[in-house]
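Below: one structure, written as structure tokens.
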Amino acid sequence: MNNIEQSLITDIENILDEKYGIKEENLVMIEIPKVNTNGDYSSNVAMRLAKSLKKAPQIIANELKEELIKSNLIEKIEVAGPGFLNFWIKRDELAGVINKILEQKEKYGENNAGEGTKILVEYVSANPTGDLHLGHARGAAWGDCICRILNKSGYDCLAEYYINDAGVQMNNLGLSVYARYAEQFGVKVEIPDDGYHGPDVAQIGKELAEELGDEWLTKEDGRVEFFKEIGRKKELDKIERDLDLFRVHFQSWISEQALYDSGRVDECIAEMARLNLTYEKDGALWFKTTNYGDDKDRVLRKADGSLTYFTPDIANHLYKFERGYTKLVNLWGADHHGYVPRMIAAMVAFGFGPKDLEIDIIQMVRLVEDGKEVKMSKRSGNAITIRELCEETSVDAVRYFFVSRAVDTHLDFDISLARKRTSENPVYYAQYAHARICSILRQANDVEQLEKYDLLTTEKEVDLLKCLNEFTSVVADAAVTRAPNKICNYIQKLAGYFHGFYAAHKIIDDTNVNLSNQRLNLLKATKITLANALDLIGVNAPEKM
RNA sequence: GUCCACGUAGCUCAGUUGGAUAGAGCAUACGCCUUCUAAGCGUACGGUCGGGGGUUCGAAUCCCUCCGUGGACGCCA
């Protein structure tokens with residue numbers, strides 16, 4: 001990594017080491033000041049050292065300035081305010097990023113923040129008993145983007161879906177599917193109270209009636225098993241198709257039932273007993289999660305002999321570590337947040353670190369149209385599905401909107417806004433910038449990459465160059481903090497700087513070929529960076545609009 | 001009731017190991033197309049960072065308290 005920020009940090013760290021013998025990671029921070037009268041970059045390191053060095057921050061800043069000014073990156077340094085170091089970078093150094101981008105192309109933005117960490121991201125994991133809805137869509141968008149960002153940042157990332165296909169609910173699914181199937185032949189069978197009454201199950205019943213005929217009406221042997229299995233398969237196929245439409249693809253699907261069948265669940269219980277983590281009380285088997293930060297102990301095996309949801313889920317998580325993943329990330333709905341401490345406690349009980357499993361909580365989505373909350377689909381009268389949402393607006397808009405806000409905040413998804421093709425809609429704003437660049441490049445002669453970009457010195461050009469320089473560290477930061485919304489913020493900023501630059505300057509100019517060619521290369525670099533950023537959130541970068 | 005999130009401009013939100021005058025976009029008002037995409041650009045307006053207290057050179061950020069919103073408190077999944 002040799003971007004400007006990183007070079008500045010390294011320079012300062014070296015000086016601190018030589019001059020004061022200070023070696024401390026993450027001490028030196030570089031930021032881009034809000035106003036450009038405070039430099040291209042600035043650092044507060046002198047203020048942070050004031051206490052330990054027992055010197056006024058301004059004095060430290062001036063001492064650092066003496067040394068730093070020797071750097072060939074820097075045009076000018078000022079010590080300002082309470083002790084900030086403000087840096088102005090040589091213009092041709094800033095522009096060096098253009099050739100870097102032109103050479104790296106779709107690889108620009110790659111970084112090694114993850115240092116090869118094997119990380120497993122589990123998300124969506126909706127039960128195969130119905131369609132994917134709003135909340136799932138937000139989770140799917142978030143998880144997919146996180147994986148893209150992690151992969152770009154030197155993590156070895158696996159996207160996994162945990163299928164809750166064991167237990168009572170699957171039985172209920174089987175019974176419900178059978179009831180709907182029988183209904184097609186005029187035979188009335190009760191759907192269990194906690195069964196599935198929705199239109200998707202009715203649809204499956206109808207399909208099965210057509211495919212299979214009435215043979216199962218009379219055949220009782222293995223009927224529930226059969227309908228359970230086929231219901232599961234059909235529901236999962238549907239989920240996979242909807243996710244595919246949403247451009248989300250899992251590399252791994254883990255079945256809860258398979259964890260039972262392979263004996264992993266039993267092994268897990270046996271291992272907990274060996275580690276003395278369990279006890280019997282009131283006929284049930286309990287896990288001493290309170291010893292590891294939970295607020296009460298939890299039941300693993302109920303008095304009726306069946307296991308709780310918790311037990312196979314522990315086996316599920318242990319299996320992730322077993323496969324060599326050293327970092328686990330889950331995305332859970334807000335309604336599961338009470339479940340977080342016990343799962344972490346379970347992993348800690350098995351000797352893993354409290355940060356080896358991190359669970360991000362996704363907040364609720366409200367659907368809004370014309371200022372009013374929309375609860376149900378107008379088309380079907382039921383809860384709105386992910387497919388319906390994408391068809392009503394667009395995959396690009398849905399993905400962008402869901403990912404552009406931090407996951408832990410409540411989100412209003414404004415359908416009318418998502419449909420708009422104006423600057424009110426941030427997706428179009430960014431895509432329009434890309435299309436605009438493509439249009440200009442189509443009309444210009446193709447230019448080779450240049451040795452120098454010494455003519456790109458106006459405020460708009462410098463803003464754009466600084467923004468391009470920033471991309472790699474934005475990606476790295478988004479990966480480490482698992483915040484795809486930071487990529488969206490970056491996209492808006494980059495698109496904004498481009499539009500500003502475009503409005504201020506004529507790019508294709510036959511009377512000044514040198515400047516024109518430098519600007520065209522700046523455009524090419526901007527196009528690549530914008531497309532790379534959009535790709536990280538899975539949104540298209542159109543050539544024409 | 002207990003626990004967990006969240007509360008920043010009219011609206012939607014940025015803002016992390018505490019830093020300079022709290023930032024965008026939208027909305028509103030006014031400008032800008034004989035010129036590469038006006039799905040754009042520019043200017044203006046807009047704030048007790050939910051209230052109060054504390055910690056210190058410095059707080060939207062950390063601590064306490066109160067208010068408001070949402071969620072969780074099963075031998076459900």
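Proteins get letters first, then strands, A, B, ... in listed order; numbering begins at 1 in each. Bear in mind the structure is a predicted one, so any value in this text is a computation, not a measurement.
If you take atom C1' in rA44(B) and the same atom in rC63(B), they sit 41 Å apart, rounded to whole Å. rA72(B) and rC26(B) have their C1' atoms separated by 35 Å, with the value rounded to a whole Å. Taking atom C1' on both rU69(B) and rG25(B), the two are 24 Å apart, rounded to the nearest angstrom.
Closest to the H337(A) side chain, of the nucleotides rA39(B), rG71(B), rU12(B), is rG71(B).
Between the OH atom of Y502(A) and the P atom of rA39(B) there is a distance of 10 Å, rounded to whole Å. Atom C1' of nucleotide rU35(B) and atom CD of Q443(A) are separated by 12 Å, given to the nearest angstrom. Put simply, CZ on R366(A) is 15 Å from C1' on rG71(B), counting in whole angstrom units. Nucleotide rU35(B) holds its C1' atom 13 Å from the CZ atom of R436(A), rounded to whole Å. Distance OH (Y429(A)) to C1' (rA39(B)): 11 Å, rounded to an integer number of Å. Note: CD1 (I361(A)) to P (rG71(B)) measures 14 Å, nearest angstrom. Between the CD1 atom of I9(A) and the P atom of rU17(B) there is a distance of 13 Å, rounded to whole Å.
A donor-acceptor contact under 3.5 angstrom links the side chains of S306(A) and D304(A), judged on distance only.
Residue H499(A) is classed as a sugar-phosphate contact, given heavy-atom separations below 4.0 Å to backbone atoms only. In this structure, H505(A) reaches the bases: a heavy-atom distance under 4.0 Å links it to at least one base atom across the strands shown. At the heavy-atom level, N86(A) lies under 4.0 Å from base atoms of the strands shown. E543(A) comes within contact range of at least one nucleobase, with a heavy-atom separation under 4.0 Å. Contacts of N489(A) with the nucleic acid, taken as non-hydrogen atoms under 4.0 Å apart, involve only primed sugar atoms and P, OP1 or OP2. A406(A) comes within 4.0 angstrom of the backbone, heavy atoms only, and of no base. The residue G81(A) sits apart from the nucleic acid: no heavy atom pair falls under 4.0 Å.
The two residues A140(A) and Y123(A) make their nearest non-hydrogen contact at O-CE1, 3.6 Å. When all heavy atoms of F413(A) and F402(A) are compared, the pair lying nearest together is CD1-CE2, 3.7 Å.
Because its glycosidic torsion is within 90° of 0, rC33(B) is reported here as syn.
Checked by atom type and distance alone, the side chain of D165(A) pairs as donor or acceptor with a backbone atom of Q257(A) at under 3.5 Å. Looking at N425(A), its side chain does come within 3.5 Å of a backbone N or O of L417(A) through a donor-acceptor pair. E256(A) contributes no side-chain N or O that, together with a main-chain N or O of Y162(A), makes up a donor-acceptor pair within less than 3.5 Å.
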Under-3.5 Å N/O pairs linking protein and nucleotides 75-77 of chain B:
residue, atom, partner, partner atom, Å
rC75(B), O2, A303(A), N, 2.8
rC75(B), N4, D282(A), O, 3.1
rC76(B), OP2, K302(A), NZ, 3.2
rA77(B), OP1, K302(A), NZ, 3.2
rA77(B), OP2, Y309(A), N, 3.1
rA77(B), O3', Q169(A), NE2, 2.9
rA77(B), O2', N127(A), ND2, 3.2

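Ion pairing of E235(A) with K238(A) is present here, as a side-chain N (NZ or NE/NH1/NH2) and a carboxylate O approach within less than 4.0 Å. Salt-bridge check for R366(A) with D412(A): passed, with a basic side-chain N closer than 4.0 Å to an acidic carboxylate O. With salt bridges taken as basic N to acidic carboxylate O contacts below 4.0 Å, one links D446(A) and K524(A). With respect to R301(A) and E280(A), a salt bridge is recorded, a charged nitrogen being found less than 4.0 Å from a carboxylate O.
Between Q492(A) and rC13(B) there is no side-chain N or O to OP1 or OP2 distance below 4.0 Å.
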How does RNA chain B look in dot-bracket form if you count Watson-Crick and G-U pairs under 3.5 Å, write [ ] for pairs that cross, and put | where a base pairs with another strand? (((((((..((((.....[...)))).(((((.......))))).....(((((..]....))))))))))))....
